[in-house]
Visitor: 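Quick one: the structure is below, questions incoming.
These numbers come from a predicted model, not from an experiment. Sequence positions, counted from 1, serve as the residue numbers for this chain. Heavy atoms only: backbone and side chains are in, while hydrogens, waters and symmetry mates are out.
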Amino acid sequence: MFNRESGRAFITAIDHGLVTGVQPGAERIVEAVGHLTSYEPEGILLSPGTLRHTGHLFAFHGAPSTLLRTDYLLVGERVKGLGEHHRVLLNPGEAASLGADAVVMFLALGVEDGVMLADNAQAISQAAYEVRQVGLALLVEVVLWGSRLAENRDPELLAWGCRMAAELGPDVIKTEYTGDPDTFASVVECCPVPVLTLG
């Protein structure tokens, strides 16, 4: 997924319908994914159903890598009152059977329930082992989402979360930009795997 010369990657995400609802421009999902591939990103982050309906758009040499969201996070204002929940939807073997190149999972540090956070970490650790068995990569998206935290760009918490995620065994981390190049540099410096900026 990373450019050999620059070490950078341009990855687009269109898995938002799973967690935050339909985003403008993504109402017709097959057309939207086709549009995204025309920009030649290194990868596109998709939900399982979207990959199932758009797999033909990736069936060519040099196509973007398919990064498959394999978990579900129920947090935020839209679902307030339903409680906070995290569920694994697919295991890496199932993701591979759909044609994924990588698995993507959340690590949500702002949730109220410590058991939920511990279960989330355990699911990531298990996936980090299982992706190796089927030849996929693992990307962990570290977010400060949840009812416990009002601020989702705290540099110290993001540095802790990215390091925690890295220690669970993924290949790549994706996280919020702190809003400042110096504090974000400190987040990246503490993380021993490549870091992608969310958004």
Side-chain angles (χ1 to χ4, degrees), residues 1-3 8-60 62-90 95 98-111 120 137 139-154 157-158 161-162 172-181 184 187 194-199:
M1 292 183 289
F2 292 89
N3 183 286
R8 296 179 177 174
F10 168 46
I11 296 173
T12 63
I14 196 161
D15 64 325
H16 303 92
L18 189 61
V19 176
T20 60
V22 179
Q23 301 298 303
E27 296 87 355
R28 298 172 68 134
I29 194 68
V30 176
E31 289 179 17
V33 172
H35 185 69
L36 288 177
T37 62
S38 73
Y39 289 102
E40 300 182 355
E42 278 78 31
I44 298 181
L45 201 166
L46 309 145
S47 62
T50 301
L51 180 56
R52 184 174 177 207
H53 295 295
T54 61
H56 62 285
L57 299 173
F58 299 93
F60 63 92
S65 295
T66 52
L67 291 80
L68 191 66
R69 166 77 55 204
T70 61
D71 63 349
Y72 178 74
L73 189 60
L74 188 70
V75 297
E77 285 301 312
R78 184 174 289 222
V79 292
K80 194 172 184 176
L82 299 178
E84 296 176 321
H85 303 279
H86 174 264
R87 295 288 186 274
V88 174
L89 304 175
L90 301 172
L98 289 173
D101 297 308
V103 164
V104 181
M105 297 180 75
F106 287 114
L107 178 60
L109 300 177
V111 296
N120 189 176
L139 184 152
V140 173
E141 187 169 350
V142 177
V143 292
L144 303 183
W145 301 347
S147 60
R148 192 172 58 84
L149 300 174
E151 169 60 47
N152 66 353
R153 293 178 181 228
D154 182 294
L157 286 176
L158 288 172
C162 289
V172 182
I173 300 291
K174 173 184 173 187
T175 195
E176 294 275 4
Y177 179 57
T178 61
D180 173 73
F184 193 68
V187 171
V195 176
L196 297 170
T197 305
L198 184 157

Visitor: To the closest 0.5 Å, what do you measure between CG (L51) and CD1 (I14)?
Guide: 12.5 Å
Visitor: Could you check whether any side-chain heavy atom of R69 comes within less than 4.5 Å of a side-chain heavy atom of F106, counting everything from C-beta outward?
Guide: yes
Visitor: Please report the interatomic distance NE2(H35) to CZ(R28), rounded to the nearest 0.5 Å.
Guide: 14.0 Å
Visitor: Taking the side chain as every heavy atom from C-beta outward, state whether L98 and L90 have any pair of such atoms under 4.5 Å apart.
Guide: yes
Visitor: So W145 and L73, do their side chains get closer than 4.5 Å, heavy atoms only?
Guide: yes
Visitor: Would you say CD of E40 has more than 12 non-hydrogen atoms from neighbouring residues, nucleotides or ligands within 6.0 angstrom?
Guide: no
Visitor: Taking atom CG of L67 and atom OG1 of T12, what is their separation to the nearest 0.5 Å?
Guide: 9.0 Å
Visitor: Which heavy atom of D154 sits nearest a heavy atom of L157, and at what distance?
Guide: OD1-N, 2.9 Å
Visitor: Would you confirm whether T70, through its side chain, and V103, through its main-chain N or O, come within 3.5 Å as a donor-acceptor pair?
Guide: no
Visitor: Do F10 and N3 touch side chain to side chain, with heavy atoms closer than 4.5 Å?
Guide: no
Visitor: How about V172 and M1: do any of their side-chain heavy atoms sit closer than 4.5 Å?
Guide: yes
Visitor: Would you say V143 and N152 make side-chain contact, with heavy atoms under 4.5 Å?
Guide: no
Visitor: Which heavy-atom pair separates L107 from G161 by the least distance, and what is that distance?
Guide: CD2-O, 3.8 Å
Visitor: Using modelled atom types only, decide if a donor and an acceptor are shared between the side chain of D71 and the backbone of H86 within a distance under 3.5 Å.
Guide: no
Visitor: What is the ring orientation for F184 with Y177, classed by angle as parallel under 30°, tilted 30 to 60°, or perpendicular over 60°?
Guide: perpendicular
Visitor: Please determine whether the number of non-hydrogen atoms from other residues, nucleotides or ligands lying under 6.0 Å from atom CZ of F60 exceeds 12.
Guide: yes
Visitor: Any chance the side chains of D101 and T66 put a donor and an acceptor closer than 3.5 Å?
Guide: yes
Visitor: When I44 is tested against each of I11, T50, L36 for side chain to side chain contact (heavy atoms under 4.5 Å, CB included), which residue passes?
Guide: L36
Visitor: Supply the atom-to-atom distance L109 CG to L158 CG, rounded to the nearest 0.5 angstrom.
Guide: 8.0 Å
Visitor: Return the minimal non-hydrogen interatomic distance between G25 and A32, and the atom names on each side.
Guide: O-CB, 3.6 Å
Visitor: State the NE2-CD1 distance between H53 and I29, to the nearest 0.5 angstrom.
Guide: 10.0 Å
Visitor: If I compare all heavy atoms of P64 with all of F58, which pair ends up nearest, and what's the gap?
Guide: O-CD2, 3.5 Å
Visitor: So do the side chains of V30 and H56 get within less than 4.5 Å of each other, counting heavy atoms only?
Guide: yes
Visitor: Donor-acceptor check, side chain of E84 to backbone of S147, threshold 3.5 angstrom: yes or no?
Guide: yes
Visitor: What distance separates L196 CG from E42 CD, expressed to the nearest 0.5 Å?
Guide: 10.0 Å
Visitor: Is there a side-chain contact between L74 and R87 (heavy atoms, below 4.5 Å)?
Guide: no
Visitor: What heavy-atom pair brings L57 and G34 nearest, and what distance separates the two atoms?
Guide: CD1-N, 3.6 Å
Visitor: Might you work through the side-chain contact (heavy atoms from CB on, under 4.5 Å) test for V104 and K174, ending with a clear yes or no?
Guide: CA-CA 9 Å; V104 181; K174 173 184 173 187; 5.8 Å; no
